[in-house]
Asker: 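My questions will all concern the structure given below.
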Protein chains: 2
Amino acid sequence: MTTRQIDDALEESLRGFAINRTSPVPLYFQVAQHLEDSISTGRIPPGTLFENEIVLAKRLGLSRPTMRRAMEYLVDKGLVVRRRGIGTRVVQPKVRRPLELTSLYDDLASTGQSPTTELLSFDTVEADATVAEKLGVGFGDEVVRIERLRSAQDRPIARMINYLPQSLATFGSDDLERGGLYELLRSRGVHLHSAVQTVGARSASVAEARLLGEPRGSAVLTMQRVSFDDRGDVVEWGDHVYAASRYAFEINLLTA
Amino acid sequence: MTTRQIDDALEESLRGFAINRTSPVPLYFQVAQHLEDSISTGRIPPGTLFENEIVLAKRLGLSRPTMRRAMEYLVDKGLVVRRRGIGTRVVQPKVRRPLELTSLYDDLASTGQSPTTELLSFDTVEADATVAEKLGVGFGDEVVRIERLRSAQDRPIARMINYLPQSLATFGSDDLERGGLYELLRSRGVHLHSAVQTVGARSASVAEARLLGEPRGSAVLTMQRVSFDDRGDVVEWGDHVYAASRYAFEINLLTA
DNA sequence: CAGTGGTCTAGACCACACC
DNA sequence: GTGTGGTCTAGACCACTGT
């Protein structure tokens, strides 16, 4: 039957696969990654019905909870659907971009658009009322202000303004022109945890239009974001403007 | 010590709490919900360091895996942070202040406005090239087209156009004016699984400006969305336009 | 009915952070 | 060291789906 045939794809994918128990990589993760790879390359095609988790566990020499954990990973990624009494089935493929904290730089880089960053200004300023509120610092406290112009394929795409607490700005101008801000912070030991973004639109100001190379009065996308670290402290507040004719936010979501 | 004191908040929260083993609600979920509630109401304040999971499990009469599962729920929701060798700590609440450009959006949200929906059209049409591609049907196949105007506070906010495979449109005009499309589909047994959204901006067309009550040439937010069900089949394709002066997308995300 | 995933238990050992 | 969360095992019973 059809079911039998597509089950064979799973068996095929598992045939040459063996768990490495000396590896520091968790067993459930080894399994999950292998299955994820098999699914995304099509070796296990959409619609495939998995064998039940007990059989799979035995086949791989694992306990059922460990096998379950691998399955949960796939469910969280939206690759498979599980139903009690039915089984586990591979979902039809869609666009798979594991959109995390949206980093414009990474976005462009991953789509091969060779992003560049021009540092427009990099100063220490006194926080005005808005900045003080967003960053959770006192009015007039010194904060770091960064203004950058991001381009892709030699055409400007976004004007980005970021404010950071002074304690986090342990980098120099050259670091900012080399890559994304988030990567920079991560490499400095900041544990990013969550963010609140607001995406809106309005007409470009004259200055913005000139900077982005857009006609006067054209529509721009706006995005404000506050990012938090592990401890709940504000890491950064950003106020960005994107040329709407050249950029849009793609958001991938699971309707858990 | 300070640590001791904030631990007491946890103990306090757990004092009157008992697991109900006769309930159909899973034990881990009972615990998770109780803790989530205690955190969001402030009974367990931010910064609180939890007792280790073994002690907590014993205190609640649970096994460690079950207690762990409750913790994982809280981690997934971004309410606590766990670190090996350190412990589990309640995260600072994300300050959710209205952002400058979205005061009107905020008005709607905070006043708990129940939006109204006006059905502009509801037809069966032949799929053009775009619709056929998005829905995964043949060119010229019959699909259902829905056009709605959503308002809040008696002012229009969005013009929404949706296309559905004919098989899914098992509802009537009155259903569409009563509530959301997604709720309608769910009640019809559709298992929503995932979606891909693109958010952009442009200048409003004359017709759009008139419909939304905005000045000619003003900026609008655009959102296109394809939704998928369990089996990976397309449920719906939407093409929406929002009055940018009155609406913005607020996106909350974890950096998992 | 048989088969599936969902939940739960009571142990064990390991990796890591801090003292 | 000691204490934490991270991983793993080998069972068990239950709830749901399809026949």
Side-chain angles (χ1 to χ4, degrees), chain A residues 1-4 6-7 10 19-33 35 48-76 79-91 189 191 230-231 256, chain B residues 1-4 6-7 10 19-33 35 48-76 79-91 189 191 230-231 256:
Chain A
M1 304 316 295
T2 308
T3 308
R4 190 67 228 126
I6 55 184
D7 265 357
L10 177 75
I19 300 242
N20 176 5
R21 283 185 179 268
T22 69
S23 163
V25 178
L27 308 187
Y28 79 88
F29 196 69
Q30 293 183 37
V31 177
Q33 273 205 319
L35 290 174
T48 301
L49 182 64
F50 278 20
E51 295 174 286
N52 75 62
E53 59 192 20
I54 297 179
V55 171
L56 280 177
K58 181 156 295 184
R59 185 186 293 253
L60 294 173
L62 295 172
S63 68
R64 185 187 170 198
T66 301
M67 191 66 216
R68 270 187 76 72
R69 182 137 185 210
M71 290 303 190
E72 278 159 12
Y73 174 91
L74 297 176
V75 170
D76 283 349
L79 297 172
V80 303
V81 172
R82 316 196 81 187
R83 274 241 226 290
R84 189 177 345 201
I86 308 281
T88 303
R89 196 176 286 275
V90 177
V91 186
H191 295 100
D230 261 341
R231 303 205 313 272
Chain B
M1 306 319 295
T2 307
T3 308
R4 190 68 228 123
I6 55 185
D7 265 358
L10 176 76
I19 300 242
N20 176 5
R21 284 185 179 269
T22 69
S23 162
V25 178
L27 308 188
Y28 79 88
F29 195 69
Q30 293 183 37
V31 176
Q33 273 204 320
L35 290 174
T48 302
L49 182 64
F50 278 22
E51 293 174 289
N52 75 60
E53 60 192 18
I54 297 180
V55 171
L56 280 178
K58 182 155 296 184
R59 187 186 293 253
L60 293 173
L62 295 171
S63 69
R64 184 186 169 197
T66 301
M67 192 63 218
R68 271 188 75 73
R69 182 141 185 205
M71 289 305 191
E72 279 158 11
Y73 174 91
L74 298 177
V75 171
D76 284 348
L79 298 172
V80 302
V81 172
R82 315 196 82 187
R83 275 242 225 288
R84 184 175 352 198
I86 308 279
T88 303
R89 195 176 286 274
V90 178
V91 177
H191 296 100
D230 261 342
R231 304 205 311 272

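Letters A, B, ... are given to chains in the order of the sequence lines, protein chains preceding strands, and every chain is numbered from 1.
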Asker: Tell me whether the side-chain N/O atoms of B:Arg68 come closer than 4.0 Å to OP1 or OP2 in D:dG6.
Answerer: yes
Asker: Can you work out whether B:Ile86 or A:Glu53 has the more 5'-proximal nearest nucleotide on DNA chain C?
Answerer: A:Glu53
Asker: What about B:Arg83: does its side chain form a donor-acceptor pair under 3.5 Å with the base of D:dG6?
Answerer: no
Asker: When A:Val31 is tested against each of A:Leu56, A:Leu60, A:Thr66 for side chain to side chain contact (heavy atoms under 4.5 Å, CB included), which residue passes?
Answerer: A:Leu60
Asker: With a cut-off of less than 4.0 Å, is there a side-chain N or O of A:Thr88 near OP1 or OP2 of C:dT4?
Answerer: no
Asker: Hey, does the side chain of B:Asn52 come within less than 4.0 Å of D:dG3's phosphate (OP1/OP2), counting only N and O?
Answerer: no
Asker: Taking atom P of C:dT4 as reference, at what distance in whole Å does atom CE of A:Met67 sit?
Answerer: 14 Å
Asker: From CE of A:Met71 over to C1' of C:dT4, roughly how many Å is that when rounded to an integer?
Answerer: 12 Å
Asker: Taking only side-chain N and O atoms of B:Tyr28, does any of them lie within less than 4.0 angstrom of OP1 or OP2 on C:dT7?
Answerer: yes
Asker: What is the separation between atom CZ on A:Arg89 and atom P on D:dG18, rounded to the nearest whole Å?
Answerer: 11 Å
Asker: Quick check on DNA chain D: between B:Gly87 and A:Gly85, whose nearest nucleotide comes earlier from the 5' end?
Answerer: B:Gly87
Asker: Any non-hydrogen side-chain atom of B:Glu51 less than 4.5 Å from a side-chain atom of B:Lys58?
Answerer: no
Asker: Starting at atom OH of B:Tyr73, determine the distance to atom C1' of C:dG6, rounded to an integer number of angstrom.
Answerer: 17 Å
Asker: Passes side-chain contact (heavy atoms from CB on, under 4.5 Å), A:Arg82 versus A:Arg68? Steps please.
Answerer: CA-CA 11 Å; A:Arg82 316 196 81 187; A:Arg68 270 187 76 72; 3.7 Å; yes
Asker: For B:Leu27, report the nucleic acid contact type (base, sugar-phosphate, nothing); a contact means any heavy atom under 4.0 Å.
Answerer: sugar-phosphate
Asker: Are the ring centres of B:Phe29 and B:Tyr73 closer than 6.0 Å?
Answerer: yes
Asker: Do the side chains of B:His191 and A:Val81 get nearer than 4.5 Å, heavy atoms only?
Answerer: no
Asker: Does the side chain of B:Arg82 get closer than 4.0 angstrom to OP1 or OP2 of D:dG5 through an N or O atom?
Answerer: yes
Asker: Would you say B:Arg21 places a side-chain N or O within less than 4.0 Å of OP1 or OP2 belonging to C:dT9?
Answerer: yes
Asker: Checking only heavy atoms, does the side chain of A:Arg64 share a donor-acceptor pair with the base of C:dG6 at less than 3.5 Å?
Answerer: yes
Asker: Measure from CG on A:Leu49 to P on C:dT4 and round the result to the nearest Å.
Answerer: 9 Å
Asker: Can you tell which of C:dA15, C:dC8, C:dG6 lies closest to the side chain of B:Arg84?
Answerer: C:dA15
Asker: Pick base, sugar-phosphate or nothing for B:Arg69, based on heavy-atom distances below 4.0 Å to the nucleic acid.
Answerer: sugar-phosphate
Asker: Check whether any side-chain heavy atom of A:Glu53 lies under 4.5 Å from a side-chain heavy atom of A:Thr88, and answer yes or no.
Answerer: no
Asker: Regarding A:Pro65, tell me which of base, sugar-phosphate or nothing describes its non-hydrogen contacts under 4.0 Å with the strands shown.
Answerer: base
Asker: Would you kindly give the CG-to-P distance between A:Asn20 and D:dT7, to the nearest whole Å?
Answerer: 16 Å
Asker: C:dC13 C1' sits how many Å from B:Ile54 CD1, rounded?
Answerer: 12 Å
Asker: Taking CD from B:Glu72 and P from C:dC8, how many angstroms apart are they, rounded to a whole number?
Answerer: 13 Å
Asker: Counting only side-chain N and O atoms of A:Thr66, is one of them less than 4.0 Å from OP1 or OP2 of D:dT7?
Answerer: no
